[in-house]
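Worksheet: one structure, shown below.
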Amino acid sequence: MDNLINNEESNKNSTNIYPTNFIHEIIDEDNKTGKFNNRVQTRFPPEPNGYLHIGHAKSICLNFGTAQKYGGKCNLRFDDTNPTKEDVEYVDSIIEDVKWLGFDWEERLFYASDYFKQLYEYAVQLIQSGNAYVCSLSPEEIRETRGTPTKSGTESPYRTRSIEENVDLFEKMKNGKLEEGQCVLRAKIDMTSPNMNMRDPVIYRIKKASHHRTGDKWCIYPMYDYAHCVSDSIERITHSICTLEFENHRPLYDWFLEKLKIFHPQQIEFARLNLSYTVMSKRKLLTLVEENFVSGWDDPRMPTISGLRRRGFTPESIRYFSELVGVAKRDGMIDVSLLEFALRDDLNKRAKRVMAVLKPLKVIITNYPEDKAEELEAINNPEDLSMGTRKIPFSREIYIEKDDFKEIPPKKYYRLYPGQEVRLRYAFIIKCEDVIKDKSGNITELHCTYDPDTKSGSDKTGKKVKATIHWVSAQHSITAEVRLYDRLFTIEDPASDEKDFRELVNNSSVEILKDCRIEPSLSQAKNGEKFQFERLGYFCVDSIDSKENNLVFNRAVTLKDTWVKIENKSSQ
RNA sequence: UGCCGGGUCGUCUAAUGGUAGGACUACGCCCUUUGGAGGCGUCUGUAGAGGUUCGAAUCCUCUCCCGGCAGCCA
């Protein structure tokens, strides 16, 4: 009985670490039947033509996570078969991002271009077995003869060329004797197939372009459908996991491997990730970069891994998010609030608390001595007392958040207003006595009194206040820039809108605050370091623009804010 | 009008012929020296119609809806 309970417990635990999904069920079944000798080998196969985004992160976590769960391996393989679109800049960024996410491909860093020679030889085999031919139709003619989804295509007049002629022409293609567009190598399958991918798809095309790895060695390059399945086969991939749009390609994937009679991995498709209020297509992301809607691929508003990293996301939070979204074949849209939840959940446990005033309002504590300053003890993280405490300076003049004062308090407003008392976090209870304004009626400062007997930790007065607000000492605090980010698009699904996505960009997706006041301990903050600014949110030192004497913080995510909800409700 | 794949709370995702559950969101309450965190609770769901069955989200039939496919892109 005890054993049974323990087993159930441990099963539960392992389920928590590796949540199951339909792909793992397939693998379980394969392991039962011994299909791949109980071996599990996956791969993450990006094309180096853009930066990785959160959708790729899901795929990375799935592929590496699946390998981990089954004691297998996951390769990193660049699908670099189109030199005109690819670049080492992207290779480098992808390597950095996958590593940062916490995954290790050990020595298994591969490129489809590593296999160009083998791919070529296999193509010759296809010709020799009568399964491929060189087609001299123009690109336009190929398109015209392909038919449409509802109308079958017609066979190319070059389909019946002799094997010798095909071998000869293919060699000429390889040797640069023929020009781009003059001919291609095609698989000989079925021009009447209801699956367009099977209507004699192109295997090789001529591209007299320099490749970022093979240079000018090749002037013919294999197409995805051919290169991908063969690359998987060469690497002895067992489960080739890809997104739904390749489902129609699976018959072709299988066809090549059957004709070549080589190791046959199983392709499995799952639904790609869509996130609300952003776009995920590389083309659109590139447009945002090129047309300066954002500052670059790593702009903190971008859904790219590098953007999220700069924004303040942690690898842990992204991996957790990937777990939360699940894996299925149903197309869907994940609410960005789930991503934010994953980050808060992580940072709540780990981020050091600190006080920062974003929109400062000066407060003079009139009954506090002018020349006095004292140090108060603050807890670094109430969720984790092992993170210790620190000292924060307190003095007669402090800054509080403008929002924490209202001359005329709305209903349910608990913070400062004339005559009202609040506690200063880790310090004293103060009471607002006077509101000082300039000639035009703007509030310039508050005069308050404090109760010396209410010091945090040693308050014996039993006084109760409705609110605790954050603050910094005016003379001790330092100035910093803080960037507040909001969603990049104004609507949930920019891709589905009839308007061009450029028109849907949120014009106020960033607010830059230059005169924020932060507690002095922050002068030591390192680039990339993350903090909770108490009551405000989680912030990350910007890794690009922040300098020792000019700190810049990015707001990664706000804290949940009950007051905002109350405020919104009463204003409706 | 072709082929392929999908339709379970607002959003994701479980239940694999046997109590429709979880997470996020929203709302409410408790707690709180962060209006944070935490705790408790509530709301809301099997696209439709038939059928098989003691019993159907699950199997069968039909209908409806959504996505993908006509690059010498991946």
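Naming convention: chains lettered A, B, ... in sequence-line order (proteins, then strands); numbering from 1 in each chain. Values in this document were obtained by computation on a predicted structure and should not be read as measured data. Excluded from the calculations below are hydrogen atoms, water molecules and symmetry mates; all remaining heavy atoms, backbone and side chain alike, are included.
Distances shorter than 4.0 Å separate some side-chain N or O of A:K207 from OP1 or OP2 on B:rC73. For B:rA74, one of the phosphate oxygens OP1 or OP2 lies less than 4.0 angstrom from a side-chain nitrogen or oxygen of A:R205. Using a 4.0 Å cut-off, no side-chain N or O of A:R77 falls inside it from OP1 or OP2 of B:rA74. Between A:R146 and B:rG71, a side-chain N or O to OP1/OP2 separation shorter than 4.0 Å is present.
As judged by a 4.0 angstrom heavy-atom cut-off over every strand, A:Q532 is placed among the base-contacting residues. Residue contacts shown for A:I220 are absent, as no nucleic acid heavy atom lies under 4.0 Å away. Here A:P382 lies in heavy-atom contact (under 4.0 Å) with a base. A:S456 comes within contact range of at least one nucleobase, with a heavy-atom separation under 4.0 Å.
B:rA56 and B:rU16 are spaced 12 Å apart, taking the C1' atom of each and rounding to whole Å. A gap of 23 Å separates the C1' atoms of B:rC4 and B:rU8, to the nearest Å. Comparing B:rU25 with B:rU11, their P atoms are spaced 16 Å from each other, to the whole Å. When the C1' atom is used for both B:rU42 and B:rU34, the distance is 27 Å, rounded to whole Å. Using P as the reference atom, B:rC12 and B:rG17 are 26 Å apart when rounded to the nearest Å. The gap from the P atom of B:rU61 to that of B:rC3 amounts to 16 Å, rounded to the nearest Å. Annotation: B:rA57 and B:rU52 have their P atoms spaced 16 Å apart (nearest Å). B:rG45 and B:rG5: their P atoms are spaced 31 Å apart (whole Å).
When each of A:I142 and A:S458 is assigned the nucleotide of RNA chain B with its nearest heavy atom, A:S458 is the one assigned upstream, toward the 5' end. With RNA chain B read from its 5' end, the first of the two nearest nucleotides for A:P194 and A:G457 is the one closest to A:P194.
For RNA chain B, the residues of residues 343-356 of chain A within the heavy-atom distance limit of 4.0 Å (strictly under) are A:N348, A:R353, sorted by number. Within residues 559-566 of chain A, the residues that place at least one heavy atom under 4.0 Å from RNA chain B are, in residue-number order, A:L559, A:K560, A:D561, A:T562, A:W563, A:K565, A:I566.
For the pair A:D404 CG and B:rG36 P, the interatomic distance rounds to 14 Å; values are reported in whole Å. Rounded to whole Å, atom P of B:rU32 lies 12 Å from atom NZ of A:K466. Between A:R43 atom CZ and B:rA74 atom P there is a gap of 15 Å when expressed in whole angstrom units. If you take CG of A:L339 and P of B:rU25, they are 12 Å apart, rounded to a whole angstrom. A:D200 has its CG atom 17 Å from the C1' atom of B:rC69, to the nearest Å. The distance between atom CD of A:E245 and atom P of B:rA70, rounded to the nearest whole Å, is 11 Å. Between the CG atom of A:N21 and the P atom of B:rU13 there is a distance of 11 Å, rounded to whole Å. If you take CZ of A:F341 and P of B:rA37, they are 10 Å apart, rounded to a whole angstrom.
Side chains of A:Y414 and A:Q420: no donor on one and acceptor on the other come within 3.5 Å. Residues A:Y538 and A:E340 bring no donor and acceptor atom of their side chains to less than 3.5 Å of each other.
Relative to the six-membered ring of A:Y111, A:R213 meets both conditions, a distance below 6.0 Å and an angle of at most 45° to the axis.
Using a 4.0 Å cut-off between charged side-chain N and carboxylate O, A:D345 and A:K349 make a salt bridge. We find that A:E374 and A:K455 are joined by a salt bridge, their nearest charged nitrogen and carboxylate oxygen being less than 4.0 Å apart.
A:K359 is linked by a salt bridge (charged side-chain N to carboxylate O under 4.0 Å, His left out) to A:E511, counting only residues two or more places apart in sequence or in another chain. Residues satisfying the salt bridge (charged side-chain N to carboxylate O under 4.0 Å, His left out) criterion with A:D493, sequence neighbours excluded, are absent altogether. When the side-chain hydrogen bond (donor to acceptor under 3.5 Å, both in side chains) test is applied to A:E316, the partners found at least two apart in sequence or on another chain are A:R350. The side-chain hydrogen bond (donor to acceptor under 3.5 Å, both in side chains) test applied to A:T33 returns no partner, not counting sequence neighbours. Every salt bridge (charged side-chain N to carboxylate O under 4.0 Å, His left out) that A:D404 has, sequence neighbours left out, goes to A:R415, A:R535.
The aromatic rings of A:F533 and A:F539 sit parallel to each other, their planes meeting at less than 30°, with 60° as the upper class boundary.
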Under 3.5 Å for both distances, Watson-Crick or G-U wobble, that's the pair rule; now give the dot-bracket for RNA chain B, with | marking pairs to another strand and [ ] for crossing ones.
-> .((((((..((((....[..)))).(((((.......)))))....(((((..]....))))))))))).....
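A side-chain hydrogen bond (donor to acceptor under 3.5 Å, both in side chains) check over residues 273-285 of chain A, counting only residues at least two apart or in different chains, returns the pairs A:N49-A:K282. For residues 178-200 of chain A, the set of pairs meeting the salt bridge (Lys or Arg N to Asp or Glu O under 4.0 Å) definition, not counting sequence neighbours, comprises A:R159-A:D200, A:E179-A:K208. Note on residues 329-354 of chain A: no pairs pass ring-ring contact (aromatic ring centres under 6.0 Å, His included), not counting sequence neighbours.
Residue A:V184 has its side chain nearest to B:rC72 when only B:rA74, B:rG35, B:rC72 are considered. Which of B:rC73, B:rG2, B:rG6 sits closest to the side chain of A:K329 comes down to B:rG6.
You'll find the ring centres of A:Y158 and A:Y133 outside the 6.0 Å limit. Separation of the A:Y226 and A:Y221 ring centroids does not fall under the 6.0 Å cut-off.
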Distances under 3.5 Å only, N/O to N/O: pair up the protein atoms with those of nucleotides 9-12 of chain B.
unit_1 : atom_1 : unit_2 : atom_2 : d
B:rU11 : O3'    : A:M333 : O      : 3.2
B:rU11 : O2'    : A:M333 : O      : 2.7
B:rC12 : OP1    : A:M333 : N      : 3.0
B:rC12 : O5'    : A:M333 : O      : 3.4
B:rC12 : O2'    : A:V325 : O      : 2.6

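Between the side chain of A:T150 and the base of B:rU1, no donor-acceptor pair under 3.5 Å is found.
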